J.: 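For reference, the structure I am asking about is given below.
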Protein chains: 2
Amino acid sequence: MRREGARRGGRRPRTGRAGYHHGDLPRALVDAALELISREGVRALTLRAAARRAGVSQAAPYRHFADKDALLAAVAEEGFRLLTASMRTAAPSTGDDPLGRFRGFGLGYVAFAAGHPAHFRVMFGREVADRARHPGLQAAGGEAFALLVDAIRACQQAGLVREGDTETLAVSAWSTVHGLAALVVDGQLDRDGSPDVAALAHAVTGSLFFGLAAPRPAGG
Amino acid sequence: MRREGARRGGRRPRTGRAGYHHGDLPRALVDAALELISREGVRALTLRAAARRAGVSQAAPYRHFADKDALLAAVAEEGFRLLTASMRTAAPSTGDDPLGRFRGFGLGYVAFAAGHPAHFRVMFGREVADRARHPGLQAAGGEAFALLVDAIRACQQAGLVREGDTETLAVSAWSTVHGLAALVVDGQLDRDGSPDVAALAHAVTGSLFFGLAAPRPAGG
DNA sequence: CATGAAATGTTGACGATGTCAACACCGTCG
DNA sequence: CGACGGTGTTGACATCGTCAACATTTCATG
(Lines give C-alpha, C1' and ligand atoms only; values in the text may rest on other atoms or scores of the structure.)
Protein backbone atom coordinates (compact mmCIF):
# COMPACT_ATOMS: atom_id res chain seq x y z
CA MET A 1 0.00 0.00 0.00
CA ARG A 2 2.64 2.44 0.99
CA ARG A 3 5.97 2.53 -0.78
CA GLU A 4 6.93 -0.73 -2.35
CA GLY A 5 9.11 -0.46 -5.38
CA ALA A 6 10.85 2.84 -5.91
CA ARG A 7 14.05 1.79 -4.27
CA ARG A 8 15.53 -1.15 -6.10
CA GLY A 9 15.73 0.96 -9.19
CA GLY A 10 18.75 3.05 -8.49
CA ARG A 11 17.57 5.70 -6.11
CA ARG A 12 19.42 5.76 -2.92
CA PRO A 13 17.63 7.25 0.05
CA ARG A 14 19.74 7.92 3.10
CA THR A 15 19.29 4.43 4.43
CA GLY A 16 18.98 2.18 1.46
CA ARG A 17 20.76 0.94 -1.57
CA ALA A 18 20.00 -1.66 -4.17
CA GLY A 19 21.33 -5.15 -4.84
CA TYR A 20 22.57 -7.30 -2.04
CA HIS A 21 21.06 -5.09 0.57
CA HIS A 22 17.37 -4.61 0.41
CA GLY A 23 16.91 -0.98 1.19
CA ASP A 24 14.09 -1.07 3.67
CA LEU A 25 13.50 -4.61 4.77
CA PRO A 26 11.51 -3.79 7.92
CA ARG A 27 8.99 -1.84 5.88
CA ALA A 28 8.86 -4.56 3.23
CA LEU A 29 8.33 -7.25 5.86
CA VAL A 30 5.52 -5.36 7.51
CA ASP A 31 3.85 -4.84 4.15
CA ALA A 32 4.32 -8.49 3.29
CA ALA A 33 2.80 -9.50 6.60
CA LEU A 34 -0.22 -7.28 5.98
CA GLU A 35 -0.66 -8.67 2.50
CA LEU A 36 -0.46 -12.27 3.70
CA ILE A 37 -2.88 -11.63 6.55
CA SER A 38 -5.33 -9.87 4.28
CA ARG A 39 -5.31 -12.56 1.67
CA GLU A 40 -5.04 -15.77 3.62
CA GLY A 41 -5.61 -15.00 7.24
CA VAL A 42 -3.32 -14.70 10.20
CA ARG A 43 -2.57 -18.38 10.05
CA ALA A 44 -0.87 -17.89 6.73
CA LEU A 45 1.52 -15.31 8.07
CA THR A 46 4.86 -17.00 8.23
CA LEU A 47 8.18 -15.37 8.77
CA ARG A 48 9.55 -17.39 5.89
CA ALA A 49 6.66 -16.45 3.64
CA ALA A 50 7.10 -12.78 4.46
CA ALA A 51 10.81 -13.08 3.74
CA ARG A 52 10.10 -14.79 0.43
CA ARG A 53 7.64 -12.10 -0.51
CA ALA A 54 10.24 -9.47 0.32
CA GLY A 55 12.76 -11.29 -1.81
CA VAL A 56 15.19 -12.17 0.95
CA SER A 57 16.22 -15.37 2.61
CA GLN A 58 14.53 -17.05 5.53
CA ALA A 59 16.84 -15.68 8.19
CA ALA A 60 17.06 -12.11 6.97
CA PRO A 61 14.11 -10.89 9.06
CA TYR A 62 16.03 -11.69 12.21
CA ARG A 63 18.34 -8.78 11.48
CA HIS A 64 15.38 -6.48 12.14
CA PHE A 65 12.91 -8.34 14.30
CA ALA A 66 13.82 -10.43 17.30
CA ASP A 67 11.20 -13.00 16.42
CA LYS A 68 7.84 -13.44 14.77
CA ASP A 69 6.11 -11.75 17.68
CA ALA A 70 8.18 -8.64 17.15
CA LEU A 71 7.00 -8.40 13.56
CA LEU A 72 3.40 -8.76 14.67
CA ALA A 73 3.96 -6.14 17.33
CA ALA A 74 5.30 -3.75 14.72
CA VAL A 75 2.18 -4.30 12.65
CA ALA A 76 -0.02 -3.68 15.67
CA GLU A 77 1.82 -0.55 16.66
CA GLU A 78 1.57 0.88 13.18
CA GLY A 79 -2.11 0.02 13.32
CA PHE A 80 -2.65 2.02 16.48
CA ARG A 81 -0.95 4.98 14.93
CA LEU A 82 -3.18 4.71 11.87
CA LEU A 83 -6.20 4.35 14.12
CA THR A 84 -5.59 7.56 15.99
CA ALA A 85 -4.90 9.27 12.67
CA SER A 86 -8.17 7.97 11.25
CA MET A 87 -10.05 9.13 14.30
CA ARG A 88 -8.48 12.58 14.12
CA THR A 89 -9.26 12.85 10.43
CA ALA A 90 -12.88 11.91 10.86
CA ALA A 91 -13.44 14.28 13.76
CA PRO A 92 -13.99 17.96 13.12
CA SER A 93 -11.57 19.92 15.20
CA THR A 94 -13.82 22.89 15.70
CA GLY A 95 -14.09 23.60 19.33
CA ASP A 96 -17.78 24.34 19.28
CA ASP A 97 -19.08 20.93 18.25
CA PRO A 98 -17.90 18.49 20.88
CA LEU A 99 -20.64 16.04 20.08
CA GLY A 100 -19.74 16.04 16.41
CA ARG A 101 -16.14 15.53 17.34
CA PHE A 102 -17.07 12.64 19.59
CA ARG A 103 -19.14 11.05 16.88
CA GLY A 104 -16.36 11.57 14.38
CA PHE A 105 -14.08 9.52 16.56
CA GLY A 106 -16.53 6.66 16.46
CA LEU A 107 -16.96 6.84 12.72
CA GLY A 108 -13.22 7.09 12.27
CA TYR A 109 -12.73 4.02 14.42
CA VAL A 110 -15.10 1.94 12.35
CA ALA A 111 -13.72 3.34 9.12
CA PHE A 112 -10.23 2.36 10.17
CA ALA A 113 -11.30 -1.17 10.97
CA ALA A 114 -13.12 -1.54 7.68
CA GLY A 115 -10.20 -0.10 5.77
CA HIS A 116 -7.39 -1.87 7.56
CA PRO A 117 -8.75 -5.24 8.62
CA ALA A 118 -5.34 -6.86 8.73
CA HIS A 119 -4.00 -4.23 11.08
CA PHE A 120 -7.14 -4.44 13.17
CA ARG A 121 -6.91 -8.20 13.59
CA VAL A 122 -3.35 -8.06 14.74
CA MET A 123 -4.06 -5.15 17.06
CA PHE A 124 -6.90 -6.83 18.88
CA GLY A 125 -6.40 -10.49 18.22
CA ARG A 126 -4.37 -12.67 20.44
CA GLU A 127 -1.59 -13.03 17.90
CA VAL A 128 0.93 -10.99 19.79
CA ALA A 129 1.56 -13.45 22.56
CA ASP A 130 3.23 -11.34 25.20
CA ARG A 131 1.99 -7.78 24.91
CA ALA A 132 3.92 -6.67 27.93
CA ARG A 133 7.16 -7.34 26.14
CA HIS A 134 6.34 -4.82 23.44
CA PRO A 135 6.07 -1.38 24.99
CA GLY A 136 4.50 1.26 22.83
CA LEU A 137 1.67 -1.11 22.06
CA GLN A 138 -0.32 -0.49 25.19
CA ALA A 139 0.80 3.11 24.96
CA ALA A 140 -0.45 3.53 21.42
CA GLY A 141 -3.77 2.00 22.39
CA GLY A 142 -3.95 4.25 25.40
CA GLU A 143 -3.53 7.31 23.22
CA ALA A 144 -6.60 6.46 21.16
CA PHE A 145 -8.55 5.81 24.31
CA ALA A 146 -7.44 9.10 25.79
CA LEU A 147 -8.70 10.87 22.68
CA LEU A 148 -12.11 9.40 23.36
CA VAL A 149 -12.06 10.25 27.04
CA ASP A 150 -11.18 13.87 26.30
CA ALA A 151 -13.95 14.15 23.75
CA ILE A 152 -16.49 12.77 26.18
CA ARG A 153 -15.29 15.08 28.90
CA ALA A 154 -15.75 18.02 26.57
CA CYS A 155 -19.29 16.88 25.84
CA GLN A 156 -19.99 16.60 29.53
CA GLN A 157 -18.68 20.07 30.17
CA ALA A 158 -20.89 21.37 27.39
CA GLY A 159 -23.83 19.66 29.00
CA LEU A 160 -24.34 17.40 26.03
CA VAL A 161 -23.53 14.13 27.74
CA ARG A 162 -24.88 13.15 31.09
CA GLU A 163 -22.65 13.27 34.12
CA GLY A 164 -20.93 10.28 35.58
CA ASP A 165 -17.54 8.64 35.55
CA THR A 166 -16.02 9.72 32.27
CA GLU A 167 -13.89 6.62 31.88
CA THR A 168 -16.85 4.35 32.33
CA LEU A 169 -18.79 6.25 29.71
CA ALA A 170 -15.76 6.01 27.47
CA VAL A 171 -15.66 2.26 27.92
CA SER A 172 -19.27 2.21 26.91
CA ALA A 173 -18.61 4.22 23.81
CA TRP A 174 -15.47 2.32 22.95
CA SER A 175 -17.26 -0.98 23.41
CA THR A 176 -19.94 0.05 21.00
CA VAL A 177 -17.70 1.13 18.17
CA HIS A 178 -15.18 -1.59 18.85
CA GLY A 179 -17.91 -4.19 18.80
CA LEU A 180 -19.22 -3.01 15.48
CA ALA A 181 -15.71 -2.85 14.11
CA ALA A 182 -14.90 -6.34 15.35
CA LEU A 183 -18.07 -7.79 13.89
CA VAL A 184 -17.41 -6.09 10.58
CA VAL A 185 -13.82 -7.28 10.42
CA ASP A 186 -14.72 -10.81 11.38
CA GLY A 187 -17.38 -10.92 8.70
CA GLN A 188 -19.90 -11.74 11.36
CA LEU A 189 -22.41 -9.34 9.89
CA ASP A 190 -22.54 -10.81 6.42
CA ARG A 191 -25.70 -12.63 7.32
CA ASP A 192 -28.23 -11.76 4.67
CA GLY A 193 -27.17 -8.61 2.95
CA SER A 194 -26.22 -5.63 5.04
CA PRO A 195 -22.71 -4.76 3.97
CA ASP A 196 -23.23 -1.03 4.26
CA VAL A 197 -20.74 -0.45 6.98
CA ALA A 198 -21.03 3.31 6.93
CA ALA A 199 -24.78 3.21 7.40
CA LEU A 200 -24.42 0.74 10.23
CA ALA A 201 -21.79 2.91 11.84
CA HIS A 202 -24.11 5.90 11.70
CA ALA A 203 -26.98 3.92 13.17
CA VAL A 204 -24.87 2.44 15.91
CA THR A 205 -23.22 5.67 16.95
CA GLY A 206 -26.64 7.28 16.79
CA SER A 207 -28.02 4.86 19.33
CA LEU A 208 -24.91 5.35 21.37
CA PHE A 209 -25.47 9.08 21.59
CA PHE A 210 -29.05 8.71 22.61
CA GLY A 211 -27.74 6.54 25.40
CA LEU A 212 -25.12 8.96 26.60
CA ALA A 213 -27.08 12.12 26.08
CA ALA A 214 -27.75 14.40 28.96
CA PRO A 215 -31.38 14.47 30.02
CA ARG A 216 -33.11 17.18 28.07
CA PRO A 217 -34.11 20.10 30.18
CA ALA A 218 -37.87 20.06 30.58
CA GLY A 219 -39.54 21.72 27.66
CA GLY A 220 -36.40 21.76 25.51
CA MET B 1 -13.63 -28.17 33.64
CA ARG B 2 -16.11 -30.69 32.47
CA ARG B 3 -15.46 -34.37 32.81
CA GLU B 4 -11.86 -35.34 32.62
CA GLY B 5 -10.96 -38.51 34.45
CA ALA B 6 -13.79 -40.78 35.41
CA ARG B 7 -13.43 -43.09 32.50
CA ARG B 8 -10.02 -44.64 32.49
CA GLY B 9 -10.78 -46.16 35.82
CA GLY B 10 -12.86 -49.09 34.83
CA ARG B 11 -16.26 -47.65 34.11
CA ARG B 12 -17.56 -48.36 30.71
CA PRO B 13 -20.11 -45.92 29.35
CA ARG B 14 -21.92 -46.94 26.21
CA THR B 15 -19.26 -45.50 23.98
CA GLY B 16 -16.04 -45.85 25.85
CA ARG B 17 -13.74 -48.38 27.36
CA ALA B 18 -10.39 -48.27 29.02
CA GLY B 19 -6.93 -49.23 27.89
CA TYR B 20 -6.01 -49.12 24.27
CA HIS B 21 -9.10 -47.20 23.32
CA HIS B 22 -9.52 -43.85 24.96
CA GLY B 23 -13.21 -43.71 25.62
CA ASP B 24 -14.06 -40.20 24.50
CA LEU B 25 -11.17 -38.74 22.63
CA PRO B 26 -13.11 -35.94 20.89
CA ARG B 27 -14.26 -34.58 24.24
CA ALA B 28 -10.78 -34.96 25.70
CA LEU B 29 -9.22 -33.17 22.76
CA VAL B 30 -11.64 -30.26 22.97
CA ASP B 31 -10.95 -29.95 26.68
CA ALA B 32 -7.22 -30.13 26.09
CA ALA B 33 -7.52 -27.43 23.44
CA LEU B 34 -9.41 -25.16 25.82
CA GLU B 35 -6.88 -25.71 28.56
CA LEU B 36 -3.97 -24.97 26.28
CA ILE B 37 -5.62 -21.83 24.91
CA SER B 38 -6.51 -20.60 28.37
CA ARG B 39 -3.08 -21.10 29.76
CA GLU B 40 -0.76 -20.18 26.93
CA GLY B 41 -2.80 -18.54 24.23
CA VAL B 42 -4.08 -19.70 20.91
CA ARG B 43 -0.57 -19.91 19.57
CA ALA B 44 0.18 -22.70 21.98
CA LEU B 45 -2.66 -24.85 20.76
CA THR B 46 -1.07 -27.63 18.83
CA LEU B 47 -2.70 -30.80 17.65
CA ARG B 48 0.26 -32.73 18.98
CA ALA B 49 0.12 -30.97 22.33
CA ALA B 50 -3.59 -31.65 22.63
CA ALA B 51 -2.96 -35.29 21.77
CA ARG B 52 -0.19 -35.50 24.35
CA ARG B 53 -2.42 -33.96 26.96
CA ALA B 54 -5.12 -36.48 26.12
CA GLY B 55 -2.61 -39.25 26.44
CA VAL B 56 -2.74 -40.43 22.86
CA SER B 57 -0.33 -40.34 19.99
CA GLN B 58 0.14 -37.52 17.53
CA ALA B 59 -2.04 -38.98 14.81
CA ALA B 60 -4.92 -40.15 16.95
CA PRO B 61 -6.87 -36.87 16.63
CA TYR B 62 -7.20 -37.46 12.92
CA ARG B 63 -9.61 -40.29 13.63
CA HIS B 64 -12.07 -37.68 14.92
CA PHE B 65 -11.12 -34.36 13.35
CA ALA B 66 -10.21 -33.89 9.72
CA ASP B 67 -7.54 -31.35 10.64
CA LYS B 68 -6.63 -28.73 13.18
CA ASP B 69 -9.28 -26.40 11.85
CA ALA B 70 -11.95 -28.98 12.54
CA LEU B 71 -10.91 -29.15 16.18
CA LEU B 72 -11.05 -25.36 16.43
CA ALA B 73 -14.43 -25.38 14.76
CA ALA B 74 -15.69 -27.89 17.30
CA VAL B 75 -14.52 -25.61 20.08
CA ALA B 76 -16.22 -22.63 18.45
CA GLU B 77 -19.46 -24.48 17.94
CA GLU B 78 -19.55 -25.64 21.53
CA GLY B 79 -18.87 -22.04 22.47
CA PHE B 80 -21.88 -20.76 20.57
CA ARG B 81 -24.05 -23.33 22.26
CA LEU B 82 -22.75 -22.24 25.67
CA LEU B 83 -23.31 -18.63 24.68
CA THR B 84 -26.96 -19.07 23.88
CA ALA B 85 -27.33 -21.07 27.06
CA SER B 86 -25.70 -18.30 29.08
CA MET B 87 -27.94 -15.71 27.48
CA ARG B 88 -31.04 -17.77 28.17
CA THR B 89 -29.99 -18.33 31.76
CA ALA B 90 -29.37 -14.67 32.41
CA ALA B 91 -32.62 -13.55 30.85
CA PRO B 92 -35.84 -13.82 32.79
CA SER B 93 -38.34 -15.72 30.74
CA THR B 94 -41.37 -13.91 32.07
CA GLY B 95 -43.35 -12.54 29.21
CA ASP B 96 -44.12 -9.26 30.87
CA ASP B 97 -40.62 -7.86 31.15
CA PRO B 98 -39.24 -7.71 27.64
CA LEU B 99 -36.74 -5.03 28.54
CA GLY B 100 -35.41 -7.09 31.42
CA ARG B 101 -35.16 -10.06 29.12
CA PHE B 102 -33.31 -7.99 26.57
CA ARG B 103 -30.90 -6.69 29.16
CA GLY B 104 -30.43 -10.20 30.51
CA PHE B 105 -29.21 -11.28 27.12
CA GLY B 106 -26.58 -8.62 27.16
CA LEU B 107 -25.42 -9.47 30.64
CA GLY B 108 -25.38 -13.14 29.75
CA TYR B 109 -23.29 -12.40 26.70
CA VAL B 110 -20.66 -10.57 28.69
CA ALA B 111 -20.78 -13.15 31.46
CA PHE B 112 -20.15 -15.88 28.96
CA ALA B 113 -17.16 -14.08 27.49
CA ALA B 114 -15.69 -13.42 30.92
CA GLY B 115 -16.29 -17.00 32.00
CA HIS B 116 -15.19 -18.76 28.83
CA PRO B 117 -12.46 -16.62 27.30
CA ALA B 118 -10.90 -19.52 25.44
CA HIS B 119 -14.17 -20.37 23.75
CA PHE B 120 -14.79 -16.72 23.01
CA ARG B 121 -11.44 -16.22 21.35
CA VAL B 122 -11.89 -19.17 19.09
CA MET B 123 -15.46 -18.17 18.26
CA PHE B 124 -14.62 -14.67 17.17
CA GLY B 125 -10.94 -14.81 16.42
CA ARG B 126 -9.63 -15.63 13.04
CA GLU B 127 -8.34 -19.02 14.14
CA VAL B 128 -10.85 -21.02 12.19
CA ALA B 129 -9.54 -20.28 8.75
CA ASP B 130 -12.40 -21.27 6.51
CA ARG B 131 -15.64 -20.74 8.37
CA ALA B 132 -17.71 -21.70 5.37
CA ARG B 133 -16.36 -25.22 5.54
CA HIS B 134 -17.77 -25.74 9.00
CA PRO B 135 -21.54 -25.50 8.85
CA GLY B 136 -23.25 -25.20 12.18
CA LEU B 137 -20.84 -22.46 13.11
CA GLN B 138 -22.61 -19.68 11.28
CA ALA B 139 -25.84 -21.37 12.25
CA ALA B 140 -25.00 -21.45 15.94
CA GLY B 141 -24.00 -17.82 15.81
CA GLY B 142 -27.17 -16.97 13.99
CA GLU B 143 -29.23 -18.57 16.72
CA ALA B 144 -27.79 -16.27 19.37
CA PHE B 145 -28.38 -13.29 17.11
CA ALA B 146 -31.95 -14.38 16.48
CA LEU B 147 -32.52 -14.49 20.23
CA LEU B 148 -31.51 -10.87 20.41
CA VAL B 149 -33.63 -9.82 17.44
CA ASP B 150 -36.70 -11.46 18.94
CA ALA B 151 -36.12 -9.75 22.27
CA ILE B 152 -35.79 -6.38 20.62
CA ARG B 153 -38.88 -6.95 18.56
CA ALA B 154 -40.79 -7.76 21.73
CA CYS B 155 -39.58 -4.54 23.27
CA GLN B 156 -40.66 -2.62 20.22
CA GLN B 157 -44.09 -4.17 20.32
CA ALA B 158 -44.37 -3.24 23.97
CA GLY B 159 -43.43 0.32 23.08
CA LEU B 160 -40.25 0.15 25.13
CA VAL B 161 -37.81 0.47 22.26
CA ARG B 162 -38.12 2.98 19.51
CA GLU B 163 -39.26 1.91 16.09
CA GLY B 164 -36.95 1.22 13.23
CA ASP B 165 -35.32 -1.68 11.50
CA THR B 166 -35.10 -4.35 14.15
CA GLU B 167 -32.02 -5.98 12.72
CA THR B 168 -30.14 -2.70 12.65
CA LEU B 169 -31.03 -2.06 16.27
CA ALA B 170 -29.93 -5.59 17.04
CA VAL B 171 -26.59 -4.95 15.39
CA SER B 172 -26.28 -1.90 17.57
CA ALA B 173 -27.00 -3.88 20.70
CA TRP B 174 -24.84 -6.76 19.67
CA SER B 175 -21.97 -4.43 18.87
CA THR B 176 -22.15 -2.90 22.28
CA VAL B 177 -22.09 -6.08 24.29
CA HIS B 178 -19.72 -7.78 21.90
CA GLY B 179 -17.35 -4.85 22.08
CA LEU B 180 -17.29 -4.90 25.84
CA ALA B 181 -16.84 -8.66 25.83
CA ALA B 182 -14.01 -8.48 23.31
CA LEU B 183 -12.22 -5.78 25.25
CA VAL B 184 -12.59 -7.75 28.46
CA VAL B 185 -11.35 -10.96 26.92
CA ASP B 186 -8.42 -9.25 25.27
CA GLY B 187 -7.42 -7.62 28.52
CA GLN B 188 -7.68 -4.27 26.82
CA LEU B 189 -9.45 -2.76 29.78
CA ASP B 190 -6.85 -3.53 32.40
CA ARG B 191 -5.60 -0.01 32.19
CA ASP B 192 -5.52 1.32 35.72
CA GLY B 193 -7.78 -0.75 37.86
CA SER B 194 -11.28 -1.44 36.62
CA PRO B 195 -11.60 -5.19 36.64
CA ASP B 196 -15.20 -5.17 37.78
CA VAL B 197 -16.66 -6.67 34.66
CA ALA B 198 -20.15 -7.00 36.04
CA ALA B 199 -20.35 -3.32 36.93
CA LEU B 200 -19.05 -2.35 33.54
CA ALA B 201 -21.58 -4.61 31.89
CA HIS B 202 -24.37 -2.96 33.80
CA ALA B 203 -23.12 0.51 32.92
CA VAL B 204 -22.68 -0.34 29.29
CA THR B 205 -26.02 -2.05 28.84
CA GLY B 206 -27.56 0.83 30.74
CA SER B 207 -26.27 3.33 28.21
CA LEU B 208 -27.36 1.02 25.47
CA PHE B 209 -30.95 1.04 26.70
CA PHE B 210 -31.07 4.77 26.97
CA GLY B 211 -30.01 4.81 23.38
CA LEU B 212 -32.60 2.38 22.17
CA ALA B 213 -35.43 3.53 24.35
CA ALA B 214 -38.61 4.78 22.80
CA PRO B 215 -39.14 8.50 23.19
CA ARG B 216 -41.01 9.08 26.43
CA PRO B 217 -44.54 10.24 25.91
CA ALA B 218 -44.67 13.90 26.81
CA GLY B 219 -45.11 14.40 30.50
CA GLY B 220 -44.21 10.80 31.40
C1' DC C 1 42.06 4.97 -2.29
C1' DA C 2 42.84 1.25 1.24
C1' DT C 3 41.01 -1.02 5.21
C1' DG C 4 38.70 -2.83 8.90
C1' DA C 5 34.39 -2.70 11.64
C1' DA C 6 29.44 -2.64 11.65
C1' DA C 7 25.21 -3.77 9.08
C1' DT C 8 22.85 -6.70 6.56
C1' DG C 9 21.99 -11.09 3.92
C1' DT C 10 22.84 -16.20 3.05
C1' DT C 11 23.38 -21.13 3.98
C1' DG C 12 22.74 -25.05 6.70
C1' DA C 13 21.00 -27.17 10.58
C1' DC C 14 17.84 -28.53 14.66
C1' DG C 15 13.67 -29.49 16.98
C1' DA C 16 8.64 -29.05 16.48
C1' DT C 17 4.50 -28.98 13.80
C1' DG C 18 0.47 -30.56 10.51
C1' DT C 19 -0.56 -34.33 8.00
C1' DC C 20 -0.44 -38.80 5.62
C1' DA C 21 0.30 -43.92 4.83
C1' DA C 22 0.97 -48.31 6.75
C1' DC C 23 0.33 -51.08 10.52
C1' DA C 24 -1.61 -52.91 15.22
C1' DC C 25 -5.07 -53.64 18.56
C1' DC C 26 -9.87 -54.05 20.24
C1' DG C 27 -14.67 -55.14 20.43
C1' DT C 28 -18.49 -56.85 17.90
C1' DC C 29 -21.23 -59.63 14.81
C1' DG C 30 -21.75 -63.61 12.10
C1' DC D 1 -13.97 -68.76 16.57
C1' DG D 2 -12.87 -65.56 12.73
C1' DA D 3 -13.31 -61.51 9.88
C1' DC D 4 -14.19 -56.63 9.98
C1' DG D 5 -14.63 -51.76 11.20
C1' DG D 6 -13.29 -48.46 14.48
C1' DT D 7 -9.60 -46.58 16.95
C1' DG D 8 -4.80 -45.81 18.19
C1' DT D 9 0.44 -46.22 16.89
C1' DT D 10 4.70 -45.66 14.32
C1' DG D 11 7.34 -43.57 10.86
C1' DA D 12 7.91 -40.30 7.45
C1' DC D 13 7.75 -35.73 4.77
C1' DA D 14 7.51 -30.84 3.95
C1' DT D 15 7.33 -26.66 6.45
C1' DC D 16 8.03 -23.60 10.27
C1' DG D 17 10.70 -20.68 13.91
C1' DT D 18 15.15 -20.01 15.18
C1' DC D 19 20.16 -20.19 15.69
C1' DA D 20 25.19 -20.36 14.38
C1' DA D 21 28.56 -19.69 10.97
C1' DC D 22 29.77 -17.40 6.96
C1' DA D 23 29.54 -13.80 3.03
C1' DT D 24 28.87 -9.29 1.28
C1' DT D 25 28.20 -4.55 1.43
C1' DT D 26 28.54 0.03 3.43
C1' DC D 27 30.78 3.46 6.10
C1' DA D 28 34.13 5.74 8.81
C1' DT D 29 38.46 6.31 9.02
C1' DG D 30 43.53 6.75 7.70
Side-chain angles (χ1 to χ4, degrees), chain A residues 7-8 10-30 32-33 36-37 40-75 122 127-130 133-134, chain B residues 7-8 10-30 32-33 36-37 40-75 122 127-130 133-134:
Chain A
R7 82 183 83 82
R8 290 200 102 117
R11 289 256 296 299
R12 46 178 63 192
R14 197 72 190 106
T15 75
R17 300 274 141 67
Y20 187 88
H21 283 47
H22 181 283
D24 195 353
L25 230 206
R27 180 70 254 160
L29 288 172
V30 168
L36 287 167
I37 294 172
E40 323 212 24
V42 190
R43 296 273 291 275
L45 171 56
T46 273
L47 262 192
R48 290 168 109 110
R52 269 191 302 263
R53 181 164 267 280
V56 295
S57 75
Q58 78 213 206
Y62 287 89
R63 295 292 161 196
H64 305 277
F65 299 99
D67 51 17
K68 190 180 176 181
D69 251 38
L71 175 58
L72 267 317
V75 171
V122 176
E127 322 308 334
V128 181
D130 194 355
R133 269 232 308 271
H134 302 283
Chain B
R7 82 183 83 80
R8 289 199 102 116
R11 291 257 296 298
R12 44 178 65 190
R14 197 74 189 105
T15 74
R17 301 275 142 68
Y20 187 89
H21 284 46
H22 182 282
D24 195 353
L25 228 205
R27 179 72 253 159
L29 288 172
V30 168
L36 287 168
I37 294 172
E40 324 215 23
V42 191
R43 296 272 291 274
L45 171 56
T46 274
L47 263 192
R48 289 168 111 110
R52 267 190 302 265
R53 181 166 267 279
V56 296
S57 74
Q58 80 213 202
Y62 288 88
R63 295 292 162 196
H64 305 277
F65 299 100
D67 52 17
K68 189 180 176 181
D69 251 39
L71 175 57
L72 267 317
V75 170
V122 176
E127 321 310 333
V128 181
D130 193 356
R133 269 234 306 273
H134 302 284

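None of these values were measured; they are calculated from a predicted model. Values below: every heavy atom of this structure, side chains too, minus hydrogens, waters and symmetry copies. Throughout, protein chains are lettered first and strands after them, A, B, ... in sequence-line order, and every chain is numbered starting at 1.
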J.: Write down the distance between CG (A/Leu47) and C1' (C/dT17), rounded to a whole number of angstrom.
T.: 15 Å

J.: Only distances under 3.5 Å count here; give the side-chain donor-acceptor pairs of residues 55-62 of chain A to other protein atoms, sequence neighbours excluded, each with its distance to 0.1 Å.
T.:
none

J.: Taking all heavy atoms of B/Leu71 and all of B/Leu47, pick out the closest pair and write down the distance.
T.: CD2-CD2, 3.7 Å

J.: Closest to the B/Gln58 side chain: D/dT10, D/dT18, D/dT9?
T.: D/dT10

J.: Measure CG/B/Leu72 against P/C/dT19 and give the value in whole Å, please.
T.: 11 Å

J.: Among the candidates C/dT8, C/dT19, C/dC23, find the nucleotide nearest to the side-chain atoms of B/Tyr62.
T.: C/dT19

J.: Would you kindly give the CZ-to-P distance between A/Arg48 and C/dA16, to the nearest whole Å?
T.: 16 Å

J.: At less than 4.0 Å, is any side-chain N or O atom of A/His64 found next to OP1 or OP2 of C/dG9? Yes or no.
T.: yes

J.: In this structure, how many angstroms lie between the P atom of D/dT26 and the CZ atom of A/Arg63, rounded?
T.: 16 Å

J.: Quick one: B/Arg53 CZ to C/dT17 P, roughly how many Å, whole number?
T.: 14 Å

J.: On the nucleotide D/dC16, are OP1 or OP2 found under 4.0 Å from the side-chain N or O atoms that A/Arg52 carries?
T.: yes

J.: Report the residues that fulfil salt bridge (Lys or Arg N to Asp or Glu O under 4.0 Å) with A/Arg43, sequence neighbours left out, ordered by chain and then residue number.
T.: B/Asp69

J.: Rounded to the Å, how far apart are B/Leu25 CG and D/dG8 C1'?
T.: 8 Å

J.: State the CZ-CG distance between A/Arg63 and A/Leu25, to the nearest 0.5 angstrom.
T.: 11.5 Å

J.: Which of the following nucleotides, D/dG17, C/dT17, C/dG9, is nearest to the side chain of B/Thr46?
T.: C/dT17

J.: Rounded to the nearest 0.5 Å, what separates atom CG in A/Leu45 from atom NZ in A/Lys68?
T.: 5.0 Å

J.: Among D/dG8, C/dT19, D/dT18, which nucleotide sits nearest the side chain of B/Lys68?
T.: C/dT19

J.: Can you measure A/Leu36 atom CG to D/dG17 atom P for me and round it to whole angstrom units?
T.: 11 Å

J.: For A/Leu71 and D/dG17, what is the distance between atoms CG and P respectively, to the nearest whole Å?
T.: 10 Å

